[in-house]
Amino acid sequence: MPAVEAHSIGLDIEAHRGGRALRPENTLASFANALSMGVNTLELDMGVTRDNVIVVTHDRWLNPDLARGPDGAYVAPPGIPFVSLTLAEVKQYDVGRIRPSSAYAAQFPDQVSIPGTRIPTLAEVIALVRRSGDPHVRLNIETKIDPNHPDQAPNPQQFVSLVLELLRRQHFRDRVMIQSFDWRTLPLVQRQAPEIPTVYLTQQQGPAPNIYLDEPSAWTAGFDPTTHGGSVPSSVKAAGGAIWSPFFRDVDARSIEEAHRLGLKVVVWTVNQPEDMVHMIDRRVDGIISDRPDLLRSVAACKGVSLPRPYPVTP
């Protein structure tokens, strides 16, 4: 079957947190699993320790549903902020098994538990990619920072400086995109490393929106739809973004077409059901972030999309 017209150069298949429906999220195990099946992009999140090491974690604190201490007990809510822990202290926690009977465990019943799994550093993920031999896979790395909780992460400039310096040392700037819901970090990247594409994450519905059509938001660094014709894609373009990454239920054919007219790529998150994957591919999105990269590969193949080849590697 020929590739669909909109994806003649391929759909960006992104493994969300490495594919957390399959392996413990944001770990070398999940990233190795994704590389071994074949993906275009590893999507992951970044936090910073007290000693300024970039670790791969979705939360700005040790997640009570994921992290167990040396005594085997899960950490108590609300968790321990990474900015209060050294890397050596972070490495003492096991994140290889979701807390049984938690809502998170119910959400991902097929995730393979791997006791003894540690939180990796970004440098360790880059080393894994190199060891896999995959010359094409990219990293879509998110700065986990919240304008309403400045005490839980470095300030935007410090965060960006730490990331860019690591990428420089690792000679990996040409293999990454930098994304954020907190847009303050993204113009800094654009000015200091213009070769790195910036990805503007948005959520309009649900319990934690970061952008509104009719009022300003602390998350958008002053680039609000209220001053850009009520348009989210126009706000992203005005901020200097290369990629708009919306919650998939927030987009329709009109907004995707508008983004493309503005020269933006559209990468939607987080799409886990086959019918939604088909719908997004038919809407001509440029990429899909999914907890089920295996399922996304199957759906994409049925739609005629060219698939990335596997690069088997162990964690």
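Everything numeric here is computed off the predicted structure, so don't read it as measured data.
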Original post:
Between K91 and E89, is there a side-chain N and carboxylate O pair less than 4.0 Å apart?
Top reply: no
**OP:** Could you tell me the separation between the CG atom of N155 and the CZ atom of R184, rounded to the nearest 0.5 Å?
**Re:** 8.5 Å
**OP:** Kindly work out whether a path of hydrophobic side-chain contacts (I/L/V/M/F/W/Y, heavy atoms less than 4.5 Å apart) joins V313 to L122.
**Re:** yes
Original post:
Okay, side chain of R297, backbone of P308: is any donor-acceptor separation there less than 3.5 Å?
Top reply: yes
Subject >> Exercise: identify the closest heavy-atom pair between S245 and V267 >> reply: OG-O, 2.7 Å
Original post:
Would you say L11 and D286 make side-chain contact, with heavy atoms under 4.5 Å?
Top reply: no
Subject >> Residue pair V83 / A153: nearest heavy atoms and the distance that separates them >> reply: CG1-CA, 3.8 Å
Original post:
Distance only, no hydrogens: is a donor on one side chain within 3.5 Å (strictly under) of an acceptor on the other, for D12 and T41?
Top reply: yes
Subject >> Electrostatic pair R261:E258 at N-O distance under 4.0 angstrom >> reply: no
Subject >> Steps toward side-chain hydrogen bond (donor to acceptor under 3.5 Å, both in side chains) verdict (T198, Q190) >> reply: CA-CA 7 Å; T198 50; Q190 290 157 196; 2.8 Å; yes
Original post:
Is a side-chain N or O of D276 found less than 3.5 angstrom from the main chain of V271, in a donor-acceptor match?
Top reply: no
Subject >> Salt bridge flag under 4.0 Å for residues R17 and E43 >> reply: no
**OP:** Please answer whether the main-chain N or O of T121 pairs with a side-chain N or O of E124 as donor and acceptor at a distance below 3.5 Å.
**Re:** yes
Original post:
Do K144 and D59 meet the salt-bridge criterion of a basic N to acidic O distance under 4.0 Å?
Top reply: no
**OP:** Take R68 and R97, measure what side chain to side chain contact (heavy atoms under 4.5 Å, CB included) needs, and give me the verdict at the end.
**Re:** CA-CA 9 Å; R68 288 181 293 151; R97 186 180 68 179; 3.7 Å; yes
**OP:** Quick one: sort the W183 and Y200 rings into parallel, tilted or perpendicular, breaks at 30° and 60°.
**Re:** perpendicular
Original post:
Distance from S298 atom OG to M277 atom CE, nearest 0.5 Å?
Top reply: 9.0 Å
Subject >> Distance-minimising heavy-atom pair for T117 and G96 >> reply: CB-CA, 3.7 Å
Original post:
Is a side-chain N or O of R173 found less than 3.5 angstrom from the main chain of E195, in a donor-acceptor match?
Top reply: no
Original post:
Is the closest side-chain donor-acceptor distance between S290 and N272 under 3.5 Å?
Top reply: yes
**OP:** Could you state whether V163 and V55 fall into the same hydrophobic cluster, counting links through intermediate Ile, Leu, Val, Met, Phe, Trp or Tyr residues with side-chain heavy atoms under 4.5 angstrom apart?
**Re:** no
**OP:** Go through I119 and N26 one step at a time and tell me if the side chain to side chain contact (heavy atoms under 4.5 Å, CB included) criterion holds.
**Re:** CA-CA 8 Å; I119 294 170; N26 276 328; over 6 Å; no
Original post:
Looking only at side chains, do R130 and Q170 share a donor and an acceptor under 3.5 Å apart?
Top reply: yes
Subject >> V266 side chain reached by V268 side chain, heavy atoms, under 4.5 Å >> reply: yes
Subject >> Working for ring-ring contact (aromatic ring centres under 6.0 Å, His included), residues W269 and F247 >> reply: CA-CA 5 Å; W269 60 272; F247 176 46; 5.1 Å; yes
Original post:
Hey, is the main chain of L201 close enough, under 3.5 Å, to the side chain of N210 for a donor-acceptor pair?
Top reply: yes
Subject >> L186 CG to F223 CZ distance, which is reported to the nearest 0.5 Å >> reply: 10.5 Å
Original post:
Is there a side chain to side chain contact (heavy atoms under 4.5 Å, CB included) between L213 and V232 once you walk through the steps?
Top reply: CA-CA 7 Å; L213 299 182; V232 175; 3.7 Å; yes
**OP:** Nearest 0.5 Å please: distance from the CD1 atom of I80 over to the CG atom of L62.
**Re:** 5.0 Å
Original post:
How far does CZ of F108 sit from CZ of R20, to the nearest 0.5 angstrom?
Top reply: 3.5 Å
Original post:
Same cluster or not: are V39 and L295 linked, directly or through other Ile, Leu, Val, Met, Phe, Trp or Tyr residues, by side-chain heavy atoms under 4.5 angstrom apart?
Top reply: yes
**OP:** For S235 and S231, indicate whether the former's side chain and the latter's backbone hold a donor-acceptor pair under 3.5 Å.
**Re:** yes
Original post:
Side chains of E142 and S180: donor-acceptor distance under 3.5 Å anywhere?
Top reply: no
Subject >> Heavy-atom pair with the smallest gap, counting every atom of L85 and T49 >> reply: O-CB, 3.2 Å
Original post:
Does any donor atom in the side chain of H58 or N63 lie under 3.5 Å from an acceptor atom in the other side chain?
Top reply: no
Original post:
Does the side chain of Q157 come under 3.5 Å of the side chain of Q192 through a donor N or O and an acceptor N or O?
Top reply: yes
Subject >> salt_bridge(D252, R254) N-O dist < 4.0 Å >> reply: no
**OP:** For Q205 and D250, test the side chains for any donor-to-acceptor distance below 3.5 angstrom and give the result as yes or no.
**Re:** yes
Original post:
Do V95 and L87 belong together in a cluster built from hydrophobic side chains that touch within less than 4.5 Å?
Top reply: yes
Original post:
Got a donor-acceptor contact below 3.5 angstrom from the S102 side chain to the D65 backbone?
Top reply: no
Original post:
Which heavy atom of M37 sits nearest a heavy atom of D294, and at what distance?
Top reply: SD-N, 3.4 Å
Original post:
P216 pairs by side-chain contact (heavy atoms from CB on, under 4.5 Å) with which of I211, D224, T227?
Top reply: D224
**OP:** Would you name the heavy atoms of A21 and R292 that are closest together and state the gap between them?
**Re:** CB-CD, 3.4 Å
Subject >> Side chains of D146 and Q152, donor plus acceptor under 3.5 Å >> reply: no
Subject >> Carboxylate-amine/guanidinium proximity below 4.0 Å for K303 and D282 >> reply: yes
**OP:** Any chance you could measure L66, atom CG, to Y74, atom OH, to the nearest 0.5 Å?
**Re:** 8.0 Å
Original post:
Is the shortest heavy-atom distance from the side chain of V56 to the side chain of F31 under 4.5 Å?
Top reply: yes
Original post:
With the 4.5 Å side-chain cut-off for hydrophobic clustering, are F181 and I243 part of the same group?
Top reply: yes
**OP:** Determine, step by step, whether T185 and T143 satisfy the side-chain hydrogen bond (donor to acceptor under 3.5 Å, both in side chains) criterion, reporting the C-alpha distance in whole Å, the side-chain angles of both residues, the deciding distance to 0.1 Å, and the verdict.
**Re:** CA-CA 8 Å; T185 54; T143 57; 3.1 Å; yes
Original post:
Is there a donor-acceptor pair closer than 3.5 Å between any side-chain N or O of R60 and the backbone N or O of D151?
Top reply: no
